[in-house]
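The first residue in the sequence is number 1, and the count goes up from there.
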Amino acid sequence: MKDFKVKQTLLQIQNGDELARERFIRYYKPYILNAVGHICKKYVTWSSDETSIGLIAFNRAIDTFDSSKGRTFLNYVYLLIQRDMIDYFRKEKRHLHLVSNEEQLLHELNASIEFYQQSTNNSELVEEILELNAKLSQYNISFEQLESHCPKHRKTRMKVFQIASEFIKHKDLVDQLMHKQVFPVSSFTKRSTYHAKPIERHRKYLITIIMIKLHPEWVRLSNFIQADPGSEKR
């Protein structure tokens, strides 16, 4: 969403348009989810406490953002989420990667923040996520759904990445996927060493990875989506 549109929508919301607020939050939910996950350096879902904190911070940003102060809305959102996450970890005494001292926690948070802010300049990462979401909608997949379809084990995630890499080598199969919006399981398994069962089980996650691999112009999204996101089961 362009800056002028963001400012226009925020003005509507601050003037009491709750329907506009709902639409605005829905539009930026992929951003909220990924911002929280990157700050926490782990995989999070909408049922995570951390994500709830991020959503509350986003709502507060909507109500308090002032464009005259020279910062972008998303940088302001990120700042509020960052502050709330630090407060949360302090109060709950829950440390990233099982570290036992707060200074190390804050160091890791600040390192994460510095990297992520570089990636979110001019809202480029957000726009890439939203472009991906538009592509996924053709397959009845939403970016938010991926929280329940992402494999929980690192080995399985890596296998899905390998399947995606093999799949995009077959241009005719890629064309089938793009035009028919159906993964050609039978045709692919006949040409590869992969079986239908894991493909069917992880179809939505697999299609997402394929979409990202087919769009190398999504540089920030490609770097941001990790095969091994933090503290998952191994």
Side-chain angles (χ1 to χ4, degrees), residues 1-2 22-38 43-48 51 54-55 119-120 123-230 232-233:
M1 190 178 290
K2 303 301 181 184
E22 183 181 334
R23 286 196 300 262
F24 193 69
I25 291 173
R26 189 184 309 123
Y27 183 84
Y28 280 110
K29 283 182 81 173
Y31 172 82
I32 299 169
L33 190 67
N34 282 276
V36 171
H38 202 282
Y43 177 73
V44 295
T45 72
W46 284 108
S47 61
S48 303
T51 313
L55 185 58
S119 299
T120 54
S123 307
E124 286 146 337
L125 175 61
V126 178
E127 294 303 327
E128 290 178 7
I129 291 172
L130 296 173
E131 286 177 22
L132 170 62
N133 203 38
K135 295 284 185 184
L136 293 178
S137 67
Q138 300 173 27
Y139 302 86
N140 295 316
I141 304 170
S142 73
F143 194 84
E144 295 166 34
Q145 284 182 324
L146 297 179
E147 66 185 56
S148 59
H149 293 287
C150 177
K152 298 299 183 288
H153 295 272
R154 180 177 182 272
K155 183 177 179 180
T156 306
R157 292 194 303 276
M158 293 303 296
K159 177 64 70 176
V160 174
F161 270 65
Q162 291 166 7
I163 294 172
S165 296
E166 176 63 27
F167 180 81
I168 63 175
K169 295 177 182 177
H170 304 279
K171 186 178 182 303
D172 60 321
L173 298 184
V174 171
D175 289 342
Q176 286 185 49
L177 176 65
M178 301 297 286
H179 295 138
K180 296 182 179 179
Q181 281 83 53
V182 176
F183 191 96
V185 178
S186 179
S187 299
F188 177 63
T189 54
K190 288 176 182 176
R191 300 190 198 181
S192 68
T193 59
Y194 298 106
H195 301 292
K197 189 174 180 180
I199 293 173
E200 293 288 1
R201 182 183 299 127
H202 303 296
R203 181 185 64 84
K204 292 186 177 182
Y205 185 69
L206 174 59
I207 290 174
T208 301
I209 301 306
I210 290 171
M211 288 297 113
I212 294 172
K213 286 180 175 291
L214 290 175
H215 291 82
E217 72 274 17
W218 295 342
V219 177
R220 291 163 184 79
L221 184 57
S222 297
N223 291 333
F224 189 70
I225 301 292
Q226 299 295 326
D228 182 22
E232 296 231 46
K233 297 177 183 177

Peer 1: Would I25 and L55 count as a side-chain contact (heavy atoms from CB on, under 4.5 Å) if you check the C-alpha gap in whole Å, the side-chain angles of each, and the deciding distance to 0.1 Å?
Peer 2: CA-CA 8 Å; I25 291 173; L55 185 58; 3.7 Å; yes
Peer 1: Could R26 and E22 be called an ion pair, given the rule that one side-chain N must be under 4.0 Å from one carboxylate O?
Peer 2: yes
Peer 1: Who passes side chain to side chain contact (heavy atoms under 4.5 Å, CB included) against T189, sequence neighbours left out?
Peer 2: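 T189 satisfies side chain to side chain contact (heavy atoms under 4.5 Å, CB included) with V185, A196, I199 once adjacent residues are dropped.
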Peer 1: Can you check whether N133 reaches S142 side chain to side chain, under 4.5 Å on heavy atoms?
Peer 2: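 Contact flag for N133/S142 side chains = yes.
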Peer 1: To the nearest 0.5 Å, what is the distance between CE (M211) and CG (L177)?
Peer 2: 4.5 Å
Peer 1: Roughly how far, to the nearest 0.5 Å, is the OG1 atom of T208 from the CZ atom of R203?
Peer 2: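 Nearest 0.5 Å value for the CZ-OG1 distance: 9.5 Å.
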Peer 1: At their closest point, which heavy atom of F167 faces which heavy atom of L173, and how far apart are they?
Peer 2: CZ-O, 3.5 Å
Peer 1: By ring pair (Phe, Tyr, Trp, His ring centres under 6.0 Å), which residues pair with H170, not counting sequence neighbours?
Peer 2: none
Peer 1: Please report the closest heavy-atom contact between V160 and Y205, naming both atoms and the distance.
Peer 2: CG1-CD2, 3.5 Å
Peer 1: Does atom NZ of K204 have more than 12 heavy-atom neighbours, drawn from other residues, nucleotides or ligands, at distances under 6.0 Å?
Peer 2: yes
Peer 1: So which heavy atom on Y139 is nearest to which on M178, and how close?
Peer 2: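 Of all heavy-atom pairs spanning Y139 and M178, the closest is OH-CA, 3.5 Å.
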Peer 1: Provide the closest heavy-atom pair for K29 versus W46 in the form atom of the first, atom of the second, distance.
Peer 2: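 That would be O-CZ2, 3.4 Å.
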Peer 1: F183 and I210: which non-hydrogen atoms are nearest, and at how many Å?
Peer 2: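 Scanning both residues, the minimum pair turns out to be CE1-CD1, 3.6 Å.
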Peer 1: Less than 4.5 Å apart, any side-chain heavy atom of K135 and any of H215?
Peer 2: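 Result yes, sub-4.5 Å side-chain heavy-atom pair found.
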Peer 1: Would you compute the distance between atom CD1 of I141 and atom CD of Q181 and round it to the nearest 0.5 angstrom?
Peer 2: 10.5 Å
Peer 1: Can you find a pair of side-chain heavy atoms, one from K155 and one from M158, that are under 4.5 Å apart?
Peer 2: no
Peer 1: State, yes or no, whether a side-chain contact exists between T51 and T45 at a heavy-atom distance under 4.5 Å.
Peer 2: no
Peer 1: For K213, look at atom NZ and say whether over 12 heavy atoms of other residues, nucleotides or ligands are found less than 6.0 Å away.
Peer 2: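 Buried by this count: over 12 neighbours within 6.0 Å.
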Peer 1: Which value, rounded to the nearest 0.5 Å, describes the distance between K197 atom NZ and H202 atom NE2?
Peer 2: 10.0 Å
Peer 1: Assess whether a salt bridge exists between K169 and E166, defined as any Lys/Arg side-chain N lying under 4.0 Å from an Asp/Glu carboxylate O.
Peer 2: yes
Peer 1: How far does CD of Q138 sit from NE2 of H179, to the nearest 0.5 angstrom?
Peer 2: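 Rounded to the nearest 0.5 Å, the CD-NE2 separation comes out at 10.5 Å.
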Peer 1: Over all heavy atoms of both residues, which pair between P151 and T156 is shortest? Give the atoms and the distance, please.
Peer 2: CB-CG2, 3.6 Å
Peer 1: Taking the inter-plane angle between the rings of Y28 and Y31 on a 0 to 90° scale, is it parallel (under 30°), tilted (30 to 60°) or perpendicular (over 60°)?
Peer 2: perpendicular
Peer 1: If you round to the nearest 0.5 Å, how far is CZ of F188 from CG of L206?
Peer 2: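 Spacing of CG (L206) from CZ (F188) equals 7.5 Å.
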